[in-house]
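Just so it is clear, the structure is predicted and the values come from calculations on it, not from any experiment. Note on naming: letters A, B, ... go to the chains in the order of the sequence lines (proteins, then strands), and numbering restarts at 1 for each one.
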2 protein chains.
Amino acid sequence: MSDNEPKHTDEDRGSYHHGDLRRALLDAMGAVVTREGIDAVSLRGLARMVGVAPSAAFRHFRDKRALVTAYSCEAINELVVTARAKRDAVEGDAVRFEAIILAFIGFAREQPQRFRALNRRELVDIEDLDWLQAGLAMDQLVFETLNRPDADANPRLQAARNLLAWAAVHGLVTLAMDGWISDADPDDPLGAPEISDAYRLLVALVSQGRGADVRF
Amino acid sequence: MSDNEPKHTDEDRGSYHHGDLRRALLDAMGAVVTREGIDAVSLRGLARMVGVAPSAAFRHFRDKRALVTAYSCEAINELVVTARAKRDAVEGDAVRFEAIILAFIGFAREQPQRFRALNRRELVDIEDLDWLQAGLAMDQLVFETLNRPDADANPRLQAARNLLAWAAVHGLVTLAMDGWISDADPDDPLGAPEISDAYRLLVALVSQGRGADVRF
DNA sequence: TCACTCATGTGATCAGTGATAACATCAGCT
DNA sequence: AGCTGATGTTATCACTGATCACATGAGTGA
């Protein structure tokens with residue numbers, strides 16, 4: 001073969017030395033995060049996986065924080081895209097609201113380590129423009145779905161409902177993911193009947209402004 | 001002075017070499033956590049603060065995880081004690097419920113780094129007996145307060161309400177603490193009017209089973 | 001075609017980390 | 001008095017993030 005590669009043995013290949021080391025590092029990081037969580041990520045480990053010297057990573061990321069930020073960015077964007085798609089696939093305010101919630105819960109349940117990494121705000125560079133933009137997109141998605149026109153509601157009450165809904169979903173997901181409540185029931189869509197009950201109550205509250213008349 | 005101490009210069013003093021190195025390490029850790037967060041804690045750093053060789057710490061803690069576990073234990077126990085005291089200082093189910101919630105929110109707002117450390121479940125040894133017991137005490141406190149006798153309520157609905165309340169409070173606190181929502185308003189008891197609104201809505205929901213008729 | 005340049009990767013090295021082992025020391029008991 | 005065990009020290013290891021000088025090769029312009 002005429003293209004005698006350097007010492008790399010992996011499936012890199014591309015134009016330059018490595019091809020796209022930045023991508024390769026992010027992909028390797030994805031694998032590590034999925035397998036062992038974001039705290040197990042090390043620059044040297046990623047470099048080893050990709051077959052490159054540790055210092056090479058610093059050509060593409062100023063420091064580890066920048067790497068984590070870029071990873072977080074991509075994860076947020078993916079979450080936003082899939083959530084928006086699921087929301088836009090259905091009609092009706094209440095259903096769309098529910099679709100968004102379920103998209104978040106689904107993401108958290110399918111890729112717990114990835115979702116958990118998203119919320120480790122202290123690990124990212126909160127000045128990073130890409131990251132800020134991704135966060136903005138997520139906020140916008142959430143609020144454009146929650147803040148639906150609701151003629152006869154007091155706007156302040158409506159805001160309170162939305163924040164409470166956001167917090168409750170976040171809390172349910174976080175508590176389950178961190179092991180404070182079990183969500184291992186395979187028969188239940190949300191992992192446990194109690195969680196599903198709480199979720200239904202929440203939906204009823206936000207959709208109808210009431211909760212007492214939910215039937216179980 | 002007849003008690004010629006070893007080379008320590010600090011305010012240790014006690015019976016043996018150091019006095020109570022275990023305590024001193026935990027106290028030093030408390031200082032670091034409060035100032036810079038739990039991720040900034042290093043065994044060597046603590047040993048340096050206390051004026052002792054790094055390896056000395058391993059005489060009192062099997063590894064770093066054990067140290068963090070012990071710290072978490074003490075923090076949980078303190079939270080439980082103060083929350084229970086605040087709850088028992090008032091009368092009436094609804095008021096006691098609110099007192100517990102406010103105790104948790106207060107702890108989180110007054111000692112954010114400490115509270116955040118509490119929730120880093122992946123950092124502790126979840127087999128540790130002391131830690132398990134502390135967690136049990138907290139669960140018990142929460143549930144003995146939330147699960148008040150409520151004759152005419154469907155138990156499943158009641159459980160859903162309680163879980164939703166727990167999750168919502170946890171979510172509000174977490175979101176605020178992690179900077180997803182601002183809670184820096186000095187005029188508001190919970191840090192921001194939106195948070196207070198959401199909190200009032202939650203209390204109304206859980207206390208009365210409704211939310212639509214809250215006045216703002 | 002040739003030389004220049006800049007992006008990319010290498011190797012050596014640094015300080016800091018958790019952890020372990022061999023050694024030293026002191027308290028308290030017999 | 002002397003033994004023993006708890007406690008602390010010193011030395012060392014493998015690992016981490018980070019930085020430096022240096023090498024190499026892709027692409028460009030003359």
Inset, instruction - Give the B/S/- string for nucleotides 14-19 of chain C, one per nucleotide from 5' to 3', where a protein heavy atom under 4.0 Å of the base yields B, of only the sugar-phosphate yields S, and otherwise -. - result: ---BBB
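- The side-chain contact (heavy atoms from CB on, under 4.5 Å) search around A:Ala28 returns A:Leu46, A:Met49, A:Val50, not counting sequence neighbours.
- To the nearest angstrom, P of C:dT8 lies 9 Å from CG of A:Leu21.
- Formation of a donor-acceptor pair under 3.5 Å by the A:Ser72 side chain with backbone atoms of A:Val68 is not found in this model.
- Between A:His60 and C:dG9 there is a side-chain N or O to OP1 or OP2 distance below 4.0 Å.
- Using modelled atom types, one side-chain atom of A:Arg109 and one backbone atom of A:Pro189 make a donor-acceptor pair closer than 3.5 Å.
- Atom P of nucleotide D:dG17 and atom CG of A:Leu123 are separated by 12 Å, given to the nearest angstrom.
- Shown here are the salt bridge (Lys or Arg N to Asp or Glu O under 4.0 Å) partners of A:Asp128, two or more places apart in sequence or in another chain: there are none.
- The backbone N or O of A:Asp197 sits nowhere less than 3.5 Å from a side-chain atom of B:Arg156 that would complete a donor-acceptor pair.
- Between B:Val169 and the options B:Leu102, B:Val142, B:Ile105, a side chain to side chain contact (heavy atoms under 4.5 Å, CB included) holds for only B:Ile105.
- As a whole-Å value, the separation of A:Phe61 CZ from D:dT19 P is 16 Å.
- Within the structure, every pair that satisfies the side chain to side chain donor-acceptor pair (under 3.5 Å) test and touches residues 29-40 of chain A, not counting sequence neighbours, is listed here: A:Asp39-A:Arg120.
- Judged as a side-chain contact (heavy atoms from CB on, under 4.5 Å), and not counting sequence neighbours, the contacts of B:Arg65 are B:Asp63, B:Thr69, B:Asp125.
- Rounded to an integer number of Å, the gap from CZ of A:Arg59 to P of D:dA18 is 15 Å.
- For the segment residues 30-38 of chain A, the set of residues with a heavy atom within less than 4.0 Å of an atom of DNA chain D is empty.
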